[in-house]
A.B. asks: 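A single structure is presented below for examination.
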Amino acid sequence: MLPGVVVPSDGLPDVKRGDSCAVTLVNNKAPVAIGTAAVSSAEMQSLGMKGRGVCVLHSYMDHLWAFGEKSSPPTLRDAEGGEPDLNGDQYLAEEQEEDEEEEEEKEEAEHQASQLVKDQASPAVAEQAEGEVEKGNEEGEEAHQDEKSPQEVMDALLWQCFLLALKSKVKKSELPLLTSTFLRNHMVSCCPSGKHLDIKKSSYKKLSKFLHAMQQQHSLVRVKELTKGVESIVEVDWKSPELRFSAPVETVIEAVPQTEARYHPPEITALYSVSTRLQPLFQDANKRKGVALQPAEVRSIVTEYVKNNDLVDETNKNYVRINPTLCDCLLEKSEYQDVETLKWDELFSRTLERMQECYQIAYPGQTPQIKKGHIEPIDVSVASRGSNKKVTVIKNLEVYALDPSAVATALQRRVQASSVLQAVPGAKDKVLVQIQGNQIQQVGHLLLDHYGIPRKYIQGLDKASKGGKK
């Protein structure tokens, strides 16, 4: 936007509408965004430097940047450009003077940082702030990091991602912001490449404890429990010296907001783990107790066992003869004397019934996780509130990496009805969405068509209200 543009002393460059152009920082000519000119430079002046100046196509810290090394822009001098060429002697003298000035500025910054750390920061935060001032010396910083304990390193990474998220991700219009959403959508995306943000490995252990420490010790944020058991960030002090000191350099132009990345549903695979009772059946396949297998793998192992032990009935190949191992694994005590053969389908179904049900869930960009039991479907139901008013309640959105606040906002726009978020009684870190009226049909369209959740993982859609006769 033009009100954020710092006009160079020699005036704006001559650009026409649609020309390719770059957005740079004050005192650094390295581009942080590229795009096309929304208006010509003459129109910028005639408009009084108001309105849009650049249509940004790609910028520092956008989704395209996140796919790469997540490196910071280099520091290039002569942000305004236009210095005359120098001969060798002049160049060396100029370089020497600039080096001396840079060294003085660095010493001054180090002094201010150390003083700021002493006055305000906690020990773990202080080490991180000092590390940022000294990151010009890479070898020294690496040696310093090696001396830290894993807990202190995670504290420093937590602090770094927290500051970067507040500075570059969170907008005032998003407040109040659920703390869980802040962590998942903002802090995690600011984590440097090759590192993994894990609050449980820090000294804080929990996100709520960390945010309350930031509120009490540094007054960077204000956290409030808007609904019982659900905390939200309601205020951010963007003018805080700590936030400004550790954040990136002030930009020349405010980038055009980037489009939110499209949601991709997690991949869910039904699995069965080997139980103690069935361990003899899977012993030949080297599958121990607790190993998770897909149904096709189970069928393959059982089929191989039957063939290796020559258990196919000679008179009718649709049946399998029961040996002592199959008897102990698959038959009930009352069947020991009576059942001598089983059909192939019944053999497989009995095997799966006696295995422990589990599932593998793979969120986009994350390592797949195996969990016991049956995955909870998204539960959509209609309840009565007050004087027989209907409301639609949606639960278990978090299981599928869906942000309840984003779903509530999308439904509000679709049906033009108010919605609220409430903590799920007896469930930790889970929030349900409640919206006025019987909106099951609209909820179904949103979850199936927009988010791409398979229908088998949504229960309650059959209770949608049917329109009356016209």
Side-chain angles (χ1 to χ4, degrees), residues 180 183-184 188 196-201 206 263-306 308 320 325-333 342-381 394-404 407 424-432 447-448 451-461:
S180 57
L183 173 64
R184 181 171 59 250
V188 172
H196 177 64
L197 189 64
D198 190 348
I199 296 180
K200 293 182 179 179
K201 294 182 180 179
K206 295 181 179 179
Y263 168 82
H264 295 282
E267 295 183 6
I268 303 168
T269 306
L271 299 175
Y272 295 86
S273 65
V274 179
S275 61
T276 304
R277 181 176 179 179
L278 293 183
Q279 194 169 357
L281 179 59
F282 290 86
Q283 187 173 358
D284 293 343
N286 294 323
K287 302 299 181 183
R288 298 182 178 180
K289 175 185 175 182
V291 175
L293 303 170
Q294 295 187 20
E297 294 178 285
V298 175
R299 292 177 67 94
S300 177
I301 292 173
V302 173
T303 302
E304 192 70 19
Y305 176 85
V306 171
N308 290 341
V320 175
T325 300
L326 292 179
C327 178
D328 292 339
C329 292
L330 304 181
L331 299 185
E332 301 295 339
K333 290 184 179 180
L342 288 175
K343 285 187 176 181
W344 279 100
D345 290 342
E346 188 175 1
L347 183 72
F348 295 136
S349 62
R350 289 196 178 210
T351 303
L352 293 177
E353 287 174 2
R354 285 156 176 78
M355 298 182 72
Q356 187 174 12
E357 191 174 1
C358 56
Y359 63 93
Q360 175 182 282
I361 184 166
Y363 298 107
Q366 298 184 22
T367 305
Q369 302 175 5
I370 296 180
K371 300 184 179 181
K372 295 181 180 180
H374 184 72
I375 186 170
E376 294 182 277
I378 297 177
D379 182 68
V380 185
S381 59
I394 312 165
K395 301 177 183 178
N396 300 330
L397 293 170
E398 297 90 347
V399 177
Y400 301 84
L402 284 170
D403 183 4
V407 173
V424 177
K428 186 179 180 182
D429 299 331
K430 281 194 175 184
V431 179
L432 61 82
L447 296 177
L448 295 171
Y451 290 112
I453 303 295
R455 180 178 285 273
K456 63 181 179 180
Y457 297 121
I458 309 173
Q459 70 177 16
L461 296 184

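The residues of the chain are indexed from 1 along the displayed sequence.
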A.B. asks: Show me the donor-acceptor pairs, under 3.5 Å and distance only, between side chains in residues 274-294 and residues at least two apart or in other chains.
C.D. replies:
residue : atom : partner : partner atom : Å
S275    : OG   : R354    : O            : 2.9
T276    : OG1  : K289    : NZ           : 3.1
R277    : NE   : D328    : O            : 3.1
R277    : NE   : C329    : O            : 3.1
R277    : NH2  : L331    : O            : 2.8

A.B. asks: Is any side-chain heavy atom of L402 closer than 4.5 Å to one of I378?
C.D. replies: yes
A.B. asks: Please find the pair of heavy atoms, one from I361 and one from V399, that lie closest to each other, and give the distance.
C.D. replies: CD1-O, 3.4 Å
A.B. asks: For residues 367-376, dump all side-chain donor-acceptor pairs below 3.5 Å to protein atoms at least two apart in sequence or in another chain.
C.D. replies:
residue : atom : partner : partner atom : Å
H374    : ND1  : E357    : OE2          : 3.1
E376    : OE1  : K430    : NZ           : 2.8

A.B. asks: Of all the heavy-atom pairs spanning Y400 and P377, show the shortest one and how long it is.
C.D. replies: OH-CA, 3.4 Å
A.B. asks: Among all residues two or more places apart in sequence or in another chain, which pass the side chain to side chain donor-acceptor pair (under 3.5 Å) test with Q459?
C.D. replies: D379
A.B. asks: For the atom pair CD1 (I453) and CD1 (I458), what is the distance rounded to the nearest 0.5 Å?
C.D. replies: 6.5 Å
A.B. asks: Tell me, which pairs form a salt bridge (charged side-chain N to carboxylate O under 4.0 Å, His left out) where one or both residues lie in residues 343-353, sequence neighbours left out?
C.D. replies: E335-R350, E346-R350
A.B. asks: Is the backbone of L347 close enough, under 3.5 Å, to the side chain of T351 for a donor and an acceptor to pair up by distance?
C.D. replies: yes
A.B. asks: Nearest 0.5 angstrom please: L342 CG to L326 CG, how far?
C.D. replies: 8.0 Å
